[in-house]
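Written out below as C-alpha cells is the structure these notes cover.
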Amino acid sequence: MGRSQSLPRGGDPRFGPDADDSDSPILHVDMDAFFAAVEVRRRPELRGKAVIVGGVGPRGVVSSASYEARRYGVRSAMPTSQARARCPHAVYLPPDFSAYTAASRAVMQIFRDVTPLVEPLSLDEAFLDVTGARRLFGSPAAIARLIRRRVADEQALTCSVGVAPSKFLAKLGSTRAKPDGLLVVPPGQVLDFLHPLPVDALWGVGERAAETLRRFGLATVGDLAEAPLGMLRRAVGAASAAHLHELAWGRDPRRVSPEHVDKSIGAEVTFDADVADPLEIRRALLALSAKVGVRLRGSGQVGRTVSLKVRLADFRTVNRSRTLGVPTDTAREMFDTVWALYTALDPGERIRLVGVRVEGLAPAQGAPRQLTLGAPERGWREAEAVADAAAARFGRSVIGPASLLADRDSRRKENPPHP
Amino acid sequence: MKFRVERDALAEAVAWTAKSLPNRPSVPVLAGVMLRVTDGNLRVSGFDYEVSSQVTVEVQGDADGAALVSGRLLAEITKALPAKPVDIAAVGAHLELVCGSARFTLPTMPVEDYPALPEMPQSAGTVDAAAFATAVAQVAVAAGRDETLPMMTGVRVELSGSTLSMLATDRYRLALREIQWRPDDPEVSINALVPARTLNDTAKALGPLGGEVTLALAQGAAGEGMVGLAGGTRRTTSRLLDGANYPPVRSLFPATHNAEARVPVSTLIEVVKRVALVAERTTPVLLSFSADGLVVEAGGSEEARASEAMEATFTGEALTIGFNPQYLIDGLANLGSQTAMLSFVDAFKPAVISPAGEDGEVIPGYRYLIMPIRVSR
C-alpha cells in the first residue's frame with residue numbers, strides 16, 4: 001500500500017471498467033486505507049476526519065492513514081512523529097489487529113464465494129483468478145464490480161480492483177484505481193499501460209534500485225524494456241535484470257496459488273530508545289522467540305534455520321543465522337540459538353531494533369525429530385504446547401516466561417524483594 | 001645456517017609441522033615454519049598460539065642457525081623433490097635449497113619476530129601409539145563441530161590409575177573408550193578437555209610410527225591448561241578447552257536394556273548406505289528388528305523409498321527405531337569388530353552399539369550411544 005503515491009492515476013477510458021476484459025482473468029483486490037477504514041466503520045463520528053492508525057510510541061510508524069490524512073502528506077510506514085508534525089489534528093489510534101483480522105476474514109470470504117483461487121497477500125489484499133467463475137458470474141470486470149458492491153454493502157468498506165492478464169499488472173491496476181475504483185488492463189494494451197509508468201512501479205524495484213536505474217538513464221518502464229540486457233545486468237545484477245526485463249514486457253507467468261505458504265515466520269521490535277543493556281536485549285529476544293514460537297506452532301510448522309537481526313543506533317543492520325541439526329518449533333531453542341548468535345556478534349553499540357526469524361519451514365506433522373541426549377522426554381516442546389492450550393483458553397497474558405513478567409506489570413518492578 | 005638432510009626425512013618433518021599452520025594467520029610470521037640447526041639436529045616447528053608442533057631430524061650440519069620460511073610453500077616443494085640429499089643454507093634474507101639439479105630460493109621472515117613455542121607440560125604417562133590412534137578415532141567421531149558449542153568439540157580425557165578413558169558427544173551421540181596405559185604416577189587422577197580435531201590428527205600421525213606416545217598433562221603444575229603428545233622425535237602441544245562444566249555424560253548410558261541384536265558390521269554399513277540414498281538430510285533410516293531379522297527402510301510415502309532385509313539375531317519384543325544414517329555409520333565403522341551388538345530400551349531411548357566377538361559376547365572397552373529420531377509425534 002505504500003507505493004500508491006508514486007503512480008500516476010486518472011480516468012483513461014482505455015483502461016476503464018468497460019475495456020476489453022475477456023483475456024484478463026486475474027484480479028487484484030486492495031482494501032482502501034484498510035485499518036483506518038475499519039476504525040471509521042465502528043466509530044461513525046470519525047467519518048470524514050483524518051484518522052491515522054499506527055504505533056503511538058516515540059518510534060511508532062504509521063500503519064494506515066485515511067485519505068483525509070493523506071491529503072496532508074501522511075503515508076504508511078512514515079514515523080508517527082512526522083505524521084503528527086504534518087497533521088496534528090488527526091485522530092491517532094493504536095492498531096487493533098483482532099478487529100482487522102476479523103474484517104479481513106469477512107472480506108476474503110466474499111472473494112472465496114466467487115472463486116476458490118484466492119491468494120491473500122496480507123490482511124488487506126489478495127489475488128483472484130476468476131477464469132473458472134466467468135460462466136457463473138460474468139466477465140472479469142463484472143466480477144470485480146460484484147466484489148466491490150458486496151464489500152461495500154456487506155462490510156461497509158471500500159476496495160480497489162485491478163483486472164489484468166497477469167498478477168503484477170493486476171496489482172499495478174488496483175494501485176492506479178485507488179481509492180474506491182476499478183481498472184481493467186486489456187491484453188492488447190498492456191504495453192500502452194505499462195511503458196509510461198516510472199521504473200519503481202515494477203515489483204522488485206525499490207528506492208535504491210530506481211535510483212541506480214535512473215543513473216543509467218532508465219526512468220520509465222518503457223526505457224527499461226528497450227534497454228540492452230547487458231546494460232541492465234551491470235545496473236542491477238544478472239538475476240534482477242532478467243526478471244525486470246520480463247516484467248517490463250508485461251510477462252509474469254506466476255499463477256494465483258491459494259496455498260500461499262510462508263517461507264519464514266519472524267517478529268521484530270524497535271525500542272522506544274536505543275538500548276545498550278544486554279539484559280534488556282535478552283528479554284526482547286526471549287519475548288520475540290515466544291511470539292514466533294506461538295505463530296510457528298499455530299501454523300503447524302517447524303523450521304530449521306533461526307536468524308537474528310540487529311539494527312544498530314546508526315541504522316547499520318546485521319543479520320546472523322544458524323541452521324539447526326533438528327528442525328524446531330520451540331521458543332526455547334529459538335531463543336538459545338539467537339542468544340548464542342547475539343553473544344557471538346557482541347555488537348558493543350546501542351541497538352535500535354532486534355528481530356527473530358525462523359526459515360526453512362516444513363510441516364510439523366510427521367516431521368522426524370532427532371532426540372537429544374540428556375533432554376527429558378517431555379521438555380520445552382511439551383511445556384510450550386501446554387502454554388498454547390492455556391493461552392487459547394484464558395488469553396496470551398496468563399502464561400509466559402517468568403523473566404518477562406516485569407514488562408507486563410511494571411508495578412512489580414517496584415515491589416520490595418520477598419524476605 | 002647450512003646443512004644437508006635426507007629428502008624423505010625433511011619432507012615428512014615439514015609436512016607434519018605445516019599441517020598445524022593456520023589458514024589465515026593473525027600475524028604473517030605464523031604462516032612460517034621455523035628451521036633451527038644445533039649440533040647436527042634440525043628442529044622444524046610451527047605454532048598458531050593454540051597448537052604447536054615440532055619434530056627433530058638428524059642432519060649433516062655445517063653451520064648452526066635458524067630460518068623462518070613459508071610453511072605451505074616449503075611443504076609443497078619438499079614433497080615434490082627428487083629422492084636425493086637436500087642442501088639447505090640461509091643466505092642473507094633468503095633460503096637456498098638445492099636437491100639434485102633443482103634449486104629453490106625462498107624469502108625468509110625475521111626469526112626474532114617468531115613467538116616462543118610453549119613448553120611441553122609434565123609427562124603423565126605413556127600409551128601404545130597404534131592403540132591410542134584407534135581409540136582416539138573411535139571417540140573423536142562423536143565430537144561436535146559447532147564452534148559455538150566449544151565444550152562439544154572436545155574429547156574428554158580421563159586419566160585414572162592405569163585406565164585412560166576418552167569421551168565425546170555432540171548431544172546426539174556419545175562415544176566412550178577405555179584403554180590401559182602406563183601412568184608415571186599409579187595414583188594419577190586428571191581430567192582434561194582436548195580439542196577433538198587436534199587430538200585425532202596428532203594421534204593418527206603418531207600411530208603408524210609405532211612405539212609409545214607420551215601424554216603430557218599437568219594439573220597444578222607448569223603447563224596447566226595445555227596438553228602435550230610426543231612420539232619418536234615429534235611433539236605437539238595444544239591449549240585445552242574449558243571442561244569445568246562438562247556434563248556427567250557417563251550416566252546417560254542406559255543401565256539396563258530390553259532388547260538386543262547382533263548384526264554383521266560390514267553388511268549393515270553397506271545396507272544403511274544404500275538405503276540412505278533416498279533419505280533427506282533430516283530424515284532417518286528406520287531399523288525394524290524382529291525374530292526374522294532386520295529390515296532397513298528410508299523415504300516417505302510421497303518421496304523415493306527404499307528397503308532392504310538382512311540377517312540379524314534379535315532377542316526381545318519386535319522394535320522399529322529411526323536413526324540419522326550418518327550417525328549410525330560413524331558408530332559402526334569405528335567398532336573394530338566383525339559383529340556389532342545393538343541394545344535398546346525402546347524406540348525413543350538411547351541405543352548402544354558395542355563390538356562383539358565371534359561368540360557374540362560383547363568386547364568391553366568401547367560403547368557408542370546414539371539417540372533415535374522420533375518419527376511420529
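Each chain gets a letter, A, B and so on, in the order the sequences are listed, and its residues count up from 1.
There is no contact between B:Phe323 and chain A, counting heavy-atom distances below 4.5 Å. For B:Thr169, the part lying under 4.5 angstrom from a heavy atom of chain A is the side chain only. Both the backbone and the side chain of B:Leu174 come within less than 4.5 Å of a heavy atom in chain A. With a threshold of 4.5 angstrom between heavy atoms, B:Asp146 approaches chain A through side-chain atoms but not through N, CA, C or O.
Atom CZ of B:Arg197 sits in a sparse spot, with 12 or fewer heavy atoms from other residues, nucleotides or ligands closer than 6.0 Å. Remark: A:Arg255 CZ is loosely packed, at most 12 non-hydrogen atoms of other residues, nucleotides or ligands lying under 6.0 Å away. More than 12 heavy-atom neighbours from other residues, nucleotides or ligands sit within 6.0 angstrom of NZ on A:Lys167. When the shell of 6.0 Å around CD of A:Gln109 is examined, it contains more than 12 heavy atoms from other residues, nucleotides or ligands.
Taking B:Pro22 as the reference, B:Pro25, B:Leu30, B:Asp48 meet the side chain to side chain contact (heavy atoms under 4.5 Å, CB included) condition, with sequence neighbours excluded.
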- request: Check the pair A:Leu371, B:Lys349 against side-chain contact (heavy atoms from CB on, under 4.5 Å), reporting the backbone distance first and the verdict last.
  value: CA-CA 9 Å; A:Leu371 303 179; B:Lys349 297 258 166 48; over 6 Å; no
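Nearest heavy atom pair, residue A:Thr372 against residue B:Met371, reads O-CE, 3.5 Å.
Using a 4.5 Å heavy-atom cutoff, the side chains of A:Leu373 and B:Leu369 are in contact.
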Output a table of donor-acceptor pairs, distance under 3.5 Å, between side-chain atoms of residues 340-351 of chain A and any protein atom two or more places apart or on a different chain; print 'none' if there are none.
unit_1	atom_1	unit_2	atom_2	d
A:Thr343	OG1	A:Trp339	O	2.5
A:Glu349	OE1	A:Arg316	NH2	3.1
A:Glu349	OE2	A:Arg316	NH2	3.2
A:Arg350	NH2	A:Asp274	O	3.1

